[in-house]
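Take a look at the structure set out below.
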Amino acid sequence: MDTNAAPKVRFAPSPTGYFHVGSARTALFNWLFARRNHGTFILRIEDTDEERGREEWVSGILSALAWLGLECDEGPYRQSERYALYADALTRLWDGGYLYACGCSHEEVLERTKGNQTPGYDGHCRELGLAREGRALRFRTPRDGTTVVKDVIRGAVEFPHRAMEDFVVSKANSSPLFVLANVVDDIDMGITHVIRGEDLLPSTPKGILLWKALEGSEVELPVFAHLPMLVNEKRQKLSKRRDPVSLEYYREQGYLPEAFCNYLSLLGWNHPLGKELMTMKEIVQSFSLEDVNHSPAFFDVVKLTHIDGEHIRRLDSDEFIARSSAWLDTVTVPWERHCFEMDTYQRIAHLVQERVATFGEIIPMVDFFFLESPVYDKVAVESLVGNETTQRMLTMALNTFSDCSWETDTLHETTAAMGNEIGLKLSKAQAPIRVAVTGRRVGPPLFESMVILGREKVLARLQAFATLVARTTPE
RNA sequence: GGCCCCAUCGUCUAGUGGCCAAGGACACUACCCUCUCAAGGUAGAGACACGGGUUCGAAUCCCGUUGGGGCUGCCA
């Protein structure tokens with residue numbers, strides 16, 4: 001193939017479970033490479049295993065890629081619809097003498113190879129000349145020699161054939177297996193760069209053997225790039241079963257897709273100048289496979305969250321309002337939907353935007369605007385009961401706020417004055433008022449919030465809270 | 001067990017033989033700012049797995065050891 005031609009890459013997931021962050025990373029790197037080099041990004045669903053694939057997983061892949069913003073140029077192709085291609089390849093391989101039929105059961109193979117130095121199939125049927133029909137087909141791996149995988153990230157990796165078994169390329173029911181379908185499609189689609197997880201590195205020499213058997217030993221192979229694994233805190237490959245890795249989870253938590261991609265791009269790759277906070281455009285412009293590093297990376301939610309916060313703060317105000325309110329509309333919120341007031345949200349949004357790291361953090365920060373009475377934080381309330389100054393502050397606030405001018409500065413000054421009167425700094429003086437009005441010790445700036453909430457509601461909440469605290473205050 | 005990959009602060013990483021008494025980011029600690037919380041500012045603690053080579057000189061090259069991981073399916 002012409003290496004000067006526009007590259008073609010594919011993301012080839014198998015629909016066997018929820019879309020997870022490792023897949024997202026692989027998809028992203030393929031997409032970045034394609035965009036950077038003005039190539040083609042193909043989506044290919046590898047669903048040759050009828051027993052495991054499920055339709056909902058396929059739509060999960062599609063919606064995950066859509067959310068991430070990784071639009072594909074071709075596809076989705078589905079291997080389950082391309083069996084004719086694999087059947088043809090199988091026949092060519094059979095006719096060329098590259099395959100043989102195997103009549104051994106899995107149990108038989110295990111039994112025979114139990115004590116061997118090199119487990120895996122022992123070639124028992126290799127010279128038996130069994131008929132093809134109704135049997136699994138194995139590739140006749142050369143006994144001698146070595147297959148070299150030239151990998152942009154890892155250099156030349158050698159696999160001695162003596163350590164490779166005669167692998168199965170098609171099942172007894174004649175359906176193709178991963179290595180076969182994968183290579184046949186890569187050939188058919190003109191894939192120039194194979195970018196995938198490092199867990200596929202050991203199967204690559206098998207693919208190369210097939211590639212050469214199908215296309216001739218002089219064929220120009222695609223460029224391989226095996227990305228370092230994403231691992232959990234125990235440094236194990238991320239697993240759908242034991243790790244919280246569903247992409248949907250992060251979507252529901254209110255992470256920004258562009259922030260998620262930004263973080264993912266930093267796992268195994270880095271900007272030549274060390275820049276960390278980047279737009280998709282910046283990442284595309286500076287991405288290079290040669291800059292991908294070798295070692296596994298831990299998926300760190302803490303740093304992801306920080307990056308997300310940075311992206312949120314960089315959103316312009318209108319976009320923050322539009323996107324966050326749309327998100328709030330899709331998740332469970334503590335207030336009744338009809339109580340959400342867009343104009344109130346618009347007024348408070350800028351104060352929230354600079355305080356949250358994810359959209360999910362917005363909810364406890366604004367809920368008191370849309371609830372009849374605030375959700376009182378138990379610890380916050382307990383810290384105030386039995387405290388004489390709490391009562392005094394509330395009483396003074398009730399009096400003062402009932403007829404002072406209803407502006408941020410005024411509320412600020414009068415609260416400070418009240419505190420001053422009983423020897424409290426503003427930080428202490430505002431505490432009971434904050435809890436009374438918002439239910440919490442932390443939140444957006446209090447006086448702005450009070451102005452937006454309105455005098456009437458504030459006074460009602462102060463009154464209610466004074467009663468609550470009085471009732472629970474020991475005499 | 002066999003084959004393969006990997007090895008710099010807790011984490012993500014910069015570093016491709018001298019510019020490194022190892023730089024940045026997240027997290028952490030202290031202080032500043034401050035109506036709470038964030039954000040921001042300043043300071044701080046924190047790493048080249050080990051052992052041999054090669055070299056005038058090694059985090060950087062080679063070998064070994066150790067450690068971790070992946071693969072080893074008629075899954076992908």
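Order of the sequence lines sets the chain letters (A, B, ...), proteins ahead of strands, with each chain counted from 1. In this text, all values refer to a predicted model and were calculated from it rather than measured experimentally.
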Look at [X] together with [Y] and state whether they make a salt bridge at an N to O cut-off of under 4.0 Å.
X      : Y      : result
A:E310 : A:R314 : yes
A:D188 : A:R82  : yes
A:E276 : A:K303 : yes
A:E127 : A:R140 : yes
A:E46  : A:R78  : no

I'd like a table of atom pairs between the protein and nucleotides 67-69 of chain B - only N or O on both sides, under 3.5 Å - with the distance next to each one.
none

(message) Using OP1 and OP2 only, check whether a side-chain N or O of A:N270 sits under 4.0 Å from B:rU13.
(response) no
Using the [atom1] atoms only, state how far [M] lies from [N], rounded to an integer number of Å.
N      : M      : atom1 : answer
B:rU42 : B:rC33 : C1'   : 11 Å
B:rC26 : B:rU72 : C1'   : 37 Å
B:rA59 : B:rA49 : P     : 11 Å
B:rC63 : B:rG68 : P     : 22 Å
B:rU66 : B:rA21 : P     : 32 Å
B:rG52 : B:rG70 : P     : 32 Å
B:rA47 : B:rG10 : P     : 7 Å
B:rC3  : B:rG73 : P     : 16 Å

(message) Does anything in residues 141-154 of chain A come within less than 4.0 Å of RNA chain B? Heavy atoms only, and list the residues if so.
(response) A:R154
(request) Check RNA chain B against residues 126-140 of chain A and give the residues with a non-hydrogen atom under 4.0 Å, in numerical order. (result)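 Within residues 126-140 of chain A, the residues near RNA chain B are A:A136, A:R138.
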(message) If you assign A:F298 and A:P13 each to the RNA chain B nucleotide with the nearest heavy atom, which residue ends up on the more 5' nucleotide?
(response)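 Its nucleotide being nearer the 5' end, the pick is A:F298.
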(request) Between A:H294 and A:P176, name the one whose nearest nucleotide on RNA chain B is closer to the 5' end. (result)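 On the 5' side of the pair lies A:H294.
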(request) Determine yes or no for a side-chain-to-main-chain donor-acceptor pair under 3.5 angstrom, with A:Q353 supplying the side chain and A:L315 the backbone. (result) yes
Within the 4.0 Å heavy-atom criterion, would you say [X] contacts the bases, only the backbone, or no part of the nucleic acid?
X      : value
A:A172 : base
A:E233 : nothing
A:T48  : sugar-phosphate
A:N173 : nothing
A:G309 : nothing

Rounded distance (Å) that lies between atom [atom2] of [N] and atom [atom1] of [X]:
X      : N      : atom1 : atom2 : answer
A:D166 : B:rG73 : CG    : P     : 13 Å
A:F159 : B:rG2  : CZ    : P     : 17 Å
A:L110 : B:rC74 : CG    : C1'   : 12 Å
A:H161 : B:rU72 : NE2   : C1'   : 16 Å
A:W57  : B:rA76 : CH2   : P     : 17 Å
A:R162 : B:rU72 : CZ    : C1'   : 16 Å
A:L227 : B:rC5  : CG    : P     : 16 Å
A:N232 : B:rC12 : CG    : P     : 12 Å

(message) In this structure, is the centre-to-centre distance between the rings of A:F359 and A:Y255 below 6.0 Å?
(response) no
(request) Would you confirm whether the ring centroid of A:W57 sits within less than 6.0 angstrom of the ring centroid of A:Y18? (result)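 Yes: the rings meet the under 6.0 Å criterion.
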(request) Check the surroundings of atom CD in A:E233: do more than 12 heavy atoms from other residues, nucleotides or ligands lie under 6.0 Å from it? (result)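 For A:E233, atom CD is crowded (more than 12 foreign heavy atoms under 6.0 Å).
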(message) If you count every heavy atom of other residues, nucleotides or ligands that lies below 6.0 Å from A:N173 atom CG, does the total exceed 12?
(response)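 Above 12, so yes.
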(request) Could I get the full list of side chain to side chain donor-acceptor pair (under 3.5 Å) partners for A:K237, not counting sequence neighbours? (result)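 A:K237 satisfies side chain to side chain donor-acceptor pair (under 3.5 Å) with A:D199 only.
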(message) Is the positively charged end of A:R44 above the ring of A:F11, judged by distance under 6.0 angstrom from the centroid and angle within 45° of the axis?
(response)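 Verdict for A:F11: no cation-pi partner in A:R44.
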(message) Check for me whether A:R25 meets the cation-pi criterion with A:F29, that is, NZ or CZ under 6.0 Å from the six-membered ring centre and within 45 degrees of the ring axis.
(response) yes
(message) Could you tell me the Watson-Crick or G-U partner of B:rG46, where both distances fall under 3.5 Å? Say none if there is no partner.
(response) none
Could you please name the option among [options] that lies closest to any side-chain atom of [X]?
X      : options                : answer
A:H106 : B:rA7, B:rG73, B:rC3   : B:rG73
A:L200 : B:rG70, B:rA76, B:rC4  : B:rA76
A:D199 : B:rU13, B:rG70, B:rC74 : B:rG70

(message) Each nucleotide in nucleotides 25-41 of chain B should get exactly one letter: B, S or -. Can you fill that in based on protein heavy atoms under 4.0 Å?
(response) BSS-------BBBBSS-
(message) Under 3.5 Å, is there a donor on one side chain and an acceptor on the other for A:D308 and A:T358?
(response)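 No pair is found: no donor N or O on one side chain lies under 3.5 Å from an acceptor on the other.
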(request) Not counting sequence neighbours, which residues clear side-chain contact (heavy atoms from CB on, under 4.5 Å) with A:P374? List them please. (result) A:F368, A:Y376, A:R461
(message) To the closest 0.5 Å, what do you measure between NZ (A:K275) and CG (A:L277)?
(response)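 Reported value, rounded in 0.5 Å steps: 8.0 Å.
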